[in-house]
Structure formats: C-alpha cells, structure tokens
Amino acid sequence: MPSVLPLGDPAPADGLLPAQAADGAARRAFCLYVHIPFCRVRCGYCDFNTYTAKELGSGASQDEYSGTLNTELDLAARVLRDSNLPDRPLATVFFGGGTPTLLPATDLAAMLTQAESLWGLEPGAEVTTEANPDSVTPESLEILADAGFTRVSFGMQSAVPHVLKVLDRTHDPERVPQAVQWARDAGLKVSLDLIYGTPGESIADWEASLDSAIACAPDHISAYALIVEDGTKLAAQIRRGEVPGIDDDDHAAKYEIADARLAAAGFGWYEVSNWARTPDDRCRHNLAYWRGDDWWGAGPGAHSHLGGVRWWNVKHPAAYAQRLATGVSPAAGRETLDAGTRQLEHVMLQTRIIDGLRTQDLGPNGRKAVAGLIADALVDPAAAFAGTIRLTLKGRLLADAVVRRLLED
Amino acid sequence: MSPMARTAPVPAATDPAIIRNFCIIAHIDHGKSTLADRMLQLTGVVQPRDMKAQYLDRMDIERERGITIKSQAVRMPWELDGASYALNMIDTPGHVDFTYEVSRSLAACEGAVLLVDAAQGIEAQTLANLYLAMENDLTIIPVLNKIDLPAAQPEKYAAELANLIGGDPEDVLKVSGKTGVGVEALLDKIVRDLPAPVGDPEAPARAMIFDSVYDTYRGVVTYVRVVDGKLSPRERIQMMSTRASHELLEIGVSSPEPTPSNGLGVGEVGYLITGVKDVRQSKVGDTVTNLLKPAAESLGGYADPKPMVFSGLYPIDGTDYPVLRDALDKLKLNDAALVYEPETSAALGFGFRVGFLGLLHLEITRERLEAEFNLDLISTAPNVVYEVTLEDKKVLTVTNPSEYPDGKVSEVREPMVSATILAPNEFVGTIMELCQSRRGDMKGMDYLSEDRVELRYRLPLAEIVFDFFDNLKSRTRGYASLDWKADGDQVADLVKVDILLQGEQVDAFSAITHRDKAYSYGVMMTSKLRELIPRQQFEVPIQAAIGSRIIARENIRAIRKDVLAKCYGGDISRKRKLLEKQKEGKKRMKMVGRVEVPQEAFIAALSSDDSKDKAKK
C-alpha cells in the first residue's frame, strides 16, 4: 500500500461506522488484511508503509507487534457488532507488508488464531502470507501450514542479480526454487511476484526472470511494472541521472512478453497484473478488492472497506500502538462514498479483472463508448456483444484509458 | 521671484498672441512624463501635495508599462518679462502603432520639444516623429534630458541633435526632469521661440479633434484645438466628416483637472463634452464646427484608423465568451481603432477576430482584457491583411488564414511598411542580414553621428509582426530601435500552410507565408506540436500542407501503456481521485477530430518563446 494516505473525513475515536456500511453486507464476502510493517532493509523502489526492525520503539517493536495487532482485531469485532454488521466468517485472510515472515511464524499463527476465534473461517478459506525467499525455512513454513495458512506469495521480483541490486533486494535468486519447494512440501500454494521495467533491465533479463519463475512451477504469478514513486531512493537516483528513467514502451513490450510466456506455460490472466494456473489458483483475497467485497485492514496505515465506507489507519506503528493502548480506534480518516462514486469505483475496478464489467452497469454514455472500444481493439467483441466489457491484451495495457472512456460524461 | 504667472489668462478671452501650443516628442523611457510633471508643478497648476508621479498617464497599464497611450492637453499659465502667457502642452502617444494620433497631436501645435535622453541619444520612433513634426513646419526646441545621470553624454548627443535639425549644439537645452534643472529655462524658451497661433476669430468655427477619450461618468471627452472662430457652451456643434450634430453640454480646459469655461477661441486647446457614449462619434482628425454657422471646408487630414494586424482572441474557458464580448464592447468605447467580429474556430471554439493598429496595440488590448476583465485568453498568431485576386478577377480581403481561397488565385498583394532602424554602427551587418532574411529592400543608410546609423528598409508588414523586433533587439544587444509606417502593398508569392492532425485541419495553426518560408514554418510547427501533444491511444500524424501537398510531417506514436500496475485495497481511493482529476482535466482538452489537445499545447504552439516582451519598445 502506498505510504501517502488519502485525504478524507476524520474518523471517530470509537471507530463506529455509518449505517451504510451494513447495507447488503450479508451478500458480500468478508475478508481480513493484516499489515506487517517490518523489513530487514528498505528497498530503493518501495514506498510502502514499512520500517526496518530497529527503527521502532516501545509498543511497536517486532516482539510486541502481534499483541498490538490482536488488540485491533478485538476492536474490529466490537466495532462491527456495534455498527450492526452481521456475523460473517472470514472468506480470506492476507498477511502483507513489509515482510510478514520477519516475524516468528508463531506470531503470524497467533494473529490468525485470534482472527479465527473472533469470526471463524469459511470452509476452504484462503489464508496467504507474503514472504521473502530468504526469510522462510522448512520449519517456519510448516508452522504456518499447521496454523491454517494455505498460500504463500514470494517476492521474487527478478532472477537477474544486477536487476535485484537496483531494486535493493538482498536475496540470492538461487534461493527462490528452494523456498518454493519447501512451501509445496508444507502443502502451501505458491505465488511469485515479479517486477519488470527496472532501470537497466534488458528484454533478455526479463525473459530470464519469467522463465526462471515458470520453472519453479508456482500456482500463481504476479508481474508488476515498476512504479517509481515520489520520495523513494530510486526516484532520487533517476532524478540525479544515476540510473536510467522509466520507459512506458519498454514496459508495454515486457508486458506483452510476460503474457505470451505465461500463457504458453499454462497461466491465464485474470487481472491486469495477475496470472493463475487455474481459476482455483486465483488470489481470492485480491479479487475481493476488485469486486467491492468487505474487508477489515488491520495494522498501521492499513485500509478497510465495508459497504462503500473506506477508511485507513494512522501510518506510524508507534502512533498506531499508542492509539490502541488507550482504547482509541487507530482509524485516521475515512470516506463514505455516495452511489455515484461507488459506481465509478465499480467501473474502475471491475474492468481490470477477467470477469469484466457488465454493460448494464454502465451509464448511457459509457454504453455508447463500447463500440469505439471494440473498434480500437481494446475490449473483446464477443464478450461485449454478450454484455460484458472484457479487456483484450491491448486493452489491459491501456486499461486506465478504457475506464476513462467508459466513464465519460 | 517666482516665474509662476500671477494672473492666468482666462479661457475664451485669451488673445492668441499669448498662447503657445506645444508637444513633447520623446522615446518611451526618455523622461517625457517626468518632465511634464515638473512643468505642472512649476507653473503651479498642480500643488506638490497632489502630485502623483506621471500625472498625465491616466490608465494603470500606461503607468505600469511607462508608456503613454492616450494623449491629453494641459493648459498652464507662465509669466515672462512681466507678461502672462497660456501654454498648452499636448501630450503625444509614444508608440509606433499610434502614428496617426501622433500626427493629429502635432497638427494641433505650433512647436515641439524634442526630448532626448542624454545617456542614450535619439531613437528611431523619436526620429520618425521629429520628421513628422518638421513636415508639419513645427518649430523644434531640442532638449537633452537626464543630464544628472552619470552616464549622460550631453556634448555627444547635442551634436547629434544639432546635426539632425540644423543649428548649433550650444542651442540644445540641457534639463533634468528629475531634479528640475533647466525646466524654467525651457518654459521661457517655449514662450520666446514658438510662434503664436493664427486664426480668423470671425470665421465659422473650425476645431480639430486630436483626441477622444471615454469616461465612465461623463461619456466621451473630446480634445480639440480651435483654429478659427469660437465654440461656446450649450450651442450645437457639428462633426464635419459625418454631419452628426450634438449639443455642447460642457466646454473647458484641463489644468490638469477639467475646468469648464465660457468657450474656446482661436488658438485655444480644450475639451468638449456632448454626452455621446462612443469615441467613434467623435473621431480623431475630424473637424468640429458650429451647426448654425457651419464652416465650408474642414481642416483636412482626417483618416479613419486602419487596422493593420489581425489576431483571433479566444477565451480559454469557453463559457467566458460573453464576458469577452462585453469586455471588447467596453474597450471599443475608448479605442476608435479597435475592430472585431465574432469568429468560430473548430479548434478554439467561439472567439473574435480582432484588428489592431500594430503589435503593441494588440499586446495592450490583450493585457487589458486579462487584467481588467479577468479573462484567460488564447491569441492566434498575428497576421496582416491580404488582398487576393481570384482568376475570375474577384478580389477578396483576407484577414484570417482560414478565409484564404483554395486554388484559383491569380494574385496576392501584401501590405508593406517603410521601417527606420537606428543602431550603433557595429550592428549594421547583422541588421542588414536580418532585414534581408525578412524580404527587406534597403532604401538608404545615414550616419546620425560618428557611431550611430539610420537604416531605411521597405519590408512586408507580415515579416515584422511576429518576432522581428525580438530578433532585432537580441542581435543588437538591445541597442537598436525601430519605427515603421505603412507604405503601400506589393504582389508576393504567398501560400497558405495548413497544419493537419490525423488528417484534420487545425484552423488555429494555418498561416499565410511566403512560398520560400512555407517549409520552415511547416517543420517548425509540426515539430513543436509533436513535443506538445501527448501521445494518444492511436498514432497521430502531424502534417503541414500547401493545399493537398504535404510539405512536412511528424508522428506522435500511439501510447502503448496507460494502466496502473497495482490497484489493491490501499490504492483504490488514491486511484479514484486521480481518475476524477483526469476527468476534470479532460474538460480542458480541445478535441481535434479524435485527438485530445491540451489547451497548453495551443497556447505554447501559438506563442513565440519570448512573446511577452515582443511588443515592448
């Protein structure tokens, strides 16, 4: 999650939600995101809300973190009950960061256990943790699997040492296949994250990374174009001319290569940056974001969404811990979306995924735009005639433009 | 003893023998207004406590830019050798675009103070106005100003002035408007040297209008110089060019605040108020006479102001169109030279094609529209008026490239100017090079002094309206000065260059150029646009064409990627806000066919890089 919080309305100290949050809740999946704000080193490209282990003091240290987080889970259960939301078991849980696996596996297990005791898990619930290839062992993965984790997502990023170096990634690329194998042995599904378009990465470098990821035979691969965020070390390096800048045409070429190689290896796209071996292997937690389901985001800077109410926690782990210690909701700000804004988000998000957007969900001008999108080969004609906007490969690369055309007044 | 007059002569009862009418010819920053202020103080018509710096420049923009746009006349009493005199100082506009108004101001005077900065020497416009004054047989009093400046070279420039008007360098007065040194001597010299006005007091009235100003409270205030007869309050007067008659609601003199009088007699200078609301009803150069006892012949020399340069003015926000219309209507009340008509551009929407006397007039008008009416405007590249003869002998007047006929043209005539350039002699070569590249024809060259040269060229007006002055200034490190006046027309090999975006012609970028320059215009514009227009979802060819012949081409490659890679839970609000911002931004896009062109691209493409300063002289 980006480190800059949006502007919104203030959130109340008790965290109670407006009535709108409960409307139709029974029809929406309920998910939990747990943010672990720790990394061993901060990567040059990363603007996420993370801290190196030694940056943080009392109440927010790694040792105390799971306890603090569990306090927010307790508060969440109370807020949901007091805001008249129905009891719903968790459909998915996702531990992200940061590097969740910097914490002892037993801490991750403790937080999952706490969540399970508060809400329960749906049968077959998906429980994922992100991990660095060099922060797992066969034993730690074993503990996670035993605690109920079903899936691990490794930040592989690249198989090429000079690319990893620009990204400040410390792991040895040789370590990835091994980590994947350990996870498989523990009975966990595996996803690999890749980044393309890093300054200095050649086409051949990218092909090597793809091939290397495919060779690990994961269930799921995410491939992200590198975003250079303001305020990161990488942005400064580019500004100073120390490393070359970002080239969108290079990104486009690499995306097309990724889609072709992944398709050839049996991975199908289901979201702009995500491919899965089978529909069952898609990340259901992430799909919840795009489908407008409900989730509670716990941890500093985490975002939540319940029925068109979005809010976000204070960013700094110390401030976060402080709030919880005094019984105050860690929510920093929130926004209550009106019908028009929810509709806009629906179009913006639903267009990104393979389910697509139903044309009947569009306004009259949006429907008029469809013919042009077909003509420009941005949406699949057959699907469009059947009433669904589904992006073509070209359309995925221009997804934001497609969304703007669908939302034209 | 103060030379201030103890008894000021009374208007309408002043013997012409004690009247002196004069103007000050000076370059913009040579200190005319400061000198005028000093005269107002010395003659006692303005008390020191009321003194605003540069009293006579009424409009804010004038004060800001230090130039005088509209002239006024001030009556000042002065005493010499025990006799009282009435001095009328007629202020002249100081810029090349207002030559006609200058000529009318000069025609109202018997003499002129030639005021030159003692540190800079004479400039081209001053020289041009000096020639105009000499043609009008005015008595010239040469004066060097700013002699208090350390950089002043009074001997050198006195020699230059003496050389120009004939006479002795010793006769050149040396003053400082700032400290007041020499100003009394100047006033004395005006009384001594200038001839008194001569006219027939019994004849039907003839008064020449030399200025006409719209005042919100009083309507049009008309400034006149009476030649023959007398004008009296409440009588009916007639404008000789239009035969329109008005009642004289008020007549008087400025000293410098308007002071009603019993009328104006021979040789006097003052103002008239008739209640008309539009300066077009009281035109500069026209002759005013009595309705009941009209003069048989006007004073002559009247000419309608003729716009020389046209530009399209468009509000950046289309909903401002009515504001722009009202603003132009208001400015027109005070500017007889401003002409405009509504125009529609496919690219820029609704606006006006506006005619101006020259580039400064354009610049000032645009600045006033933006400053006084809070408008954001795009102005298209200025162009001149072409006379196009078709093969069927039909003649068209083209003030806008989009009106240029397609094919079947037998002849095109373009307006010409004669230009005078003054510069230090070291720059002669570079100036000649510049003028030749602008199709100039050298008419002569003279040394004003050892190291200063006057170059005379005949040039197409079109070649000097865009960036000629900028170029001249930068090639001469700011030392050259320029003056020009209309000088007929000539047949020229001109073509219209169109700019096409994805095959769609963009009217705002069309230009009429000489055939030899069409290619460089095409290359310049297409490459400029390639930089300015963002990549679209499809390839956009940018072409420059003469008719159907493409002369230059650039390509904007299609954008291949426009998607945020990550859009997870914490990204959604931010992404949505970005989307909303982009939707807003889209409203500031102009559509050319399917191509989205940001307003900024139009503005940047239509402005030369340092256009802000181009008209400042």
Exercise. Taking the inter-plane angle between the rings of Phe350(B) and Tyr321(B) on a 0 to 90° scale, is it parallel (under 30°), tilted (30 to 60°) or perpendicular (over 60°)?
Worked result: tilted

Problem set entry | Ring geometry between Trp295(A) and His305(A) (parallel below 30°, tilted from 30 to 60°, perpendicular above 60°) | tilted

Problem set entry | Part of Arg352(A) within contact of chain B (heavy atom distance under 4.5 Å) | side chain

Problem set entry | Lys577(B), part contacting chain A, at a heavy-atom distance under 4.5 Å | side chain

Problem set entry | Per-residue contact mode, Leu564(B) against chain A (heavy atom under 4.5 angstrom) | both

Exercise. Hey, which of Arg557(B), Arg594(B), Glu580(B) has the most heavy atom pairs under 4.5 Å with chain A?
Worked result: Arg594(B)

Exercise. What heavy-atom pair brings Leu532(B) and Pro598(B) nearest, and what distance separates the two atoms?
Worked result: O-CG, 4.3 Å

For this session: Take the angle between the ring planes of Trp275(A) and Tyr255(A) and call it parallel below 30°, perpendicular above 60°, tilted in between.
Result: tilted

For this session: Pick one of side chain, backbone, both or neither for Asp249(A), based on which atoms fall under 4.5 Å of a heavy atom in chain B.
Result: both

Exercise. Which word best sums up how the rings of Tyr568(B) and Trp290(A) line up, parallel for under 30°, tilted for 30 to 60°, or perpendicular for over 60°?
Worked result: tilted

Problem set entry | Leu407(A) portion near chain B, given a 4.5 angstrom heavy-atom threshold | both

Exercise. Side chains of Asn286(A) and Glu271(A): donor-acceptor distance under 3.5 Å anywhere?
Worked result: no

Exercise. Is the distance between the ring centroids of Tyr33(A) and Trp312(A) under 6.0 Å?
Worked result: no

Exercise. Do Ser573(B) and Glu335(A) have side-chain atoms, one donor and one acceptor, less than 3.5 Å apart?
Worked result: yes

Exercise. Given that the side chain runs from C-beta out, which part of Ile227(A) has a heavy atom under 4.5 Å from chain B: side chain, backbone, both or neither?
Worked result: side chain

Exercise. Checking Arg405(A) against chain B: side chain, backbone, both or neither under 4.5 Å from a heavy atom?
Worked result: side chain

For this session: Against chain A, label Ile559(B) side chain, backbone, both or neither, depending on which of its atoms sit under 4.5 Å from a heavy atom there.
Result: both

For this session: Name the region of Ala288(A), side chain, backbone, both or neither, that has any atom closer than 4.5 Å to a heavy atom of chain B.
Result: neither

Problem set entry | Side chain, backbone, both or neither of Lys575(B) within contact of chain A (heavy atoms, under 4.5 Å) | both

